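Quick caveat: nothing in here was measured; it's all calculated off a predicted structure. Numbers restart at 1 for each chain; the letters A, B, ... are given by sequence-line order, proteins then strands.
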Amino acid sequence: MAVINIRKKEVQVKIVYVGPGRGGKTTNLEYLFGAVRHRIQSDMVSIKTHGDRTLFFDFLPFDLGQIQGYMVKTQLYTVPGQVKYNATRKLVLKGVDGVVFVADSMEVMRDKNIASLENLKENLAFYDLDLYNKFPIVMQYNKRDLAEQGVPILTIETLEQDLNSKLKAPYFEASALSGHNVIATVKKAITMTVVSLQDHFT
Amino acid sequence: MDKSAKSKMVNDLENRLDDFFGGEAKAPAAPPTAQYSIEKLKSAVLSIDWEITDQCLTELITETEALLPHFEEDPITHALLRMLRALARYIRKRKAQSHQDAIKRVMSVFTSFETLANDKQMDEQQKKKIVAREIQAFKKLKEQVEGQGAAAAGRGGKPTTDLSALLEHQQFKQVMNAVEERINAEVKALKVQVQTLQKELDSLRKA
Ligand SMILES: Nc1nc2c(ncn2[C@@H]2O[C@H](COP(=O)(O)OP(=O)(O)OP(=O)(O)O)[C@@H](O)[C@H]2O)c(=O)[nH]1
Ligand SMILES: [Mg+2]
């Protein structure tokens with residue numbers, strides 16, 4: 001749950017980037033950090049293994065300022081995508097308010113995307129959250145740029161069918177490496193999440 | 001919350017997000033207010049040359065920020081101010097651990113800024129040359145700082161993190177607590193397992 005402090009008129013929103021290993025979650029946060037670092041005081045924390053894989057999580061906090069009289073503070077996290085780190089994934093998801101699901105568009109990743117979404121559903125259920133019941137989530141179909149390099153990628157239709165036919169979440173085609181639609185994704189995620197918390201904004 | 005209040009909230013939020021991330025469709029910037037003075041910035045710079053305190057660094061940052069909007073149309077001078085701010089933030093954060101050249105950089109960047117701000121007639125070529133020199137020195141310092149950080153953090157760590165500041169962060173603390181809890185729980189479970197195994201082993205020996 002978002003930390004909402006009525007007395008201090010403050011809302012903290014926690015958004016977690018989830019998806020298969022090497023899908024581009026950390027790259028999303030790195031791009032965002034680069035885009036806003038000049039206006040935030042905080043740093044981005046990354047805990048990585050040598051191979052650049054996220055070992056624990058990445059963490060990027062920032063203040064959006066006053067909205068409707070409330071100070072809105074956003075915290076972005078990524079989880080490690082590797083299957084073996086599920087305990088950590090679960091932990092980082094504690095208190096989550098919204099999710100960005102970063103799917104890897106590569107054809108070879110098709111099953112991994114599906115398994116990762118299934119895993120998200122289970123982990124959310126652990127905290128009594130139902131992914132399929134109005135949970136704020138945005139889909140990001142990442143690495144679209146790989147098509148230009150001749151890497152076989154999944155079509156948007158296939159990705160939508162595999163991952164979003166039931167959820168019907170908003171989705172973005174993206175390339176986290178170049179930053180294409182990275183900001184659009186996070187904006188949508190923050191808006192959806194805050195709207196889902198709207199009842200607290202009275 | 002009723003519908004119109006909700007859509008107003010969403011609207012406010014979207015505008016804020018556009019500002020924060022630099023929106024695609026941005027409203028034209030407010031016209032710069034003509035009057036500004038670099039005297040205060042100058043005194044802040046001079047005071048850190050004298051003694052480096054949190055207070056004067058904060059002042060330096062504040063004064064730099066106050067000037068930034070006035071130079072939005074002039075990317076070269078703007079770049080100098082941003083460099084100045086970055087340096088001040090860095091020194092404020094690292095304190096005595098700051099790279100020894102950082103203060104020297106502040107002086108130099110400020111002097112260049114002052115030259116550019118005072119000489120409106122200077123041609124673009126000349127301006128660019130001055131800034132290019134500053135940028136190069138800034139980059140070099142940055143590389144050295146990052147090199148230092150990486151060496152200190154050793155393998156696996158990311159250099160730019162000020163951990164103590166972060167540990168103050170509430171949610172981060174929560175996560176850390178949860179990790180600790182989990183590790184403790186796992187250690188406990190392991191101890192129990194070891195005990196049971198020990199018992200089994202003992203009974204096997206006896207048999
Ligand atoms: N071509 C291309 N490569 C990308 C894109 N996004 C990320 N990558 C690359 O994919 C690799 C993995 O990216 P990460 O951001 O570390 O992936 P992750 O999801 O954080 O991975 P884990 O931490 O293991 O879960 C890196 O080499 C990135 O440079 C993209 O949009 N296009
Ligand atoms: Mg990662």
Interatomic distance, CZ@B:Phe20 vs CD1@A:Ile183, rounded to 0.5 Å, equals 10.0 Å
Next item on the list: Look at atom NZ of A:Lys134 and say whether more than 12 heavy atoms of other residues, nucleotides or ligands are closer to it than 6.0 Å.
Entry: no
Ranked by heavy-atom pairs below 4.5 Å to chain A, first place among B:Leu13, B:Asp12, B:Asn15 goes to B:Leu13
The reported gap from CG in B:Asp18 to NZ in A:Lys187 (rounded to nearest 0.5 angstrom) is 4.0 Å
- Any side-chain heavy atom of B:Met9 within less than 4.5 Å of one from A:Val194? yes
message: Using a 6.0 Å cut-off, check whether atom NZ of A:Lys188 has over 12 heavy atoms from anything other than its own residue.
response: no
ask   = How about A:Gln161: does its CD atom have over 12 heavy atoms from other parts shown lying under 6.0 Å from it?
value = no
Honestly, the part of A:Ile40 sitting under 4.5 Å from a heavy atom of chain B is both
Rounded to the nearest 0.5 Å, the CG atom of B:Asn11 sits from the CD atom of A:Gln68 at a distance of 9.5 Å
Notebook entry, point to check: Does atom CD of B:Gln55 have more than 12 heavy-atom neighbours from other groups under 6.0 Å away?
Noted result: no
In this structure, are over 12 heavy atoms from other groups packed under 6.0 Å from B:Lys127 atom NZ? yes
Per side chain to side chain contact (heavy atoms under 4.5 Å, CB included), B:Leu17 is matched among A:Thr74, A:Thr191, A:Val72 by A:Thr191
Query - Backbone N/O of A:Ile67 and side chain of B:Arg16: donor-acceptor pair under 3.5 Å - result: no
Applying a strict 4.5 Å limit to non-hydrogen atoms, the region of B:Arg82 in contact with chain A is neither
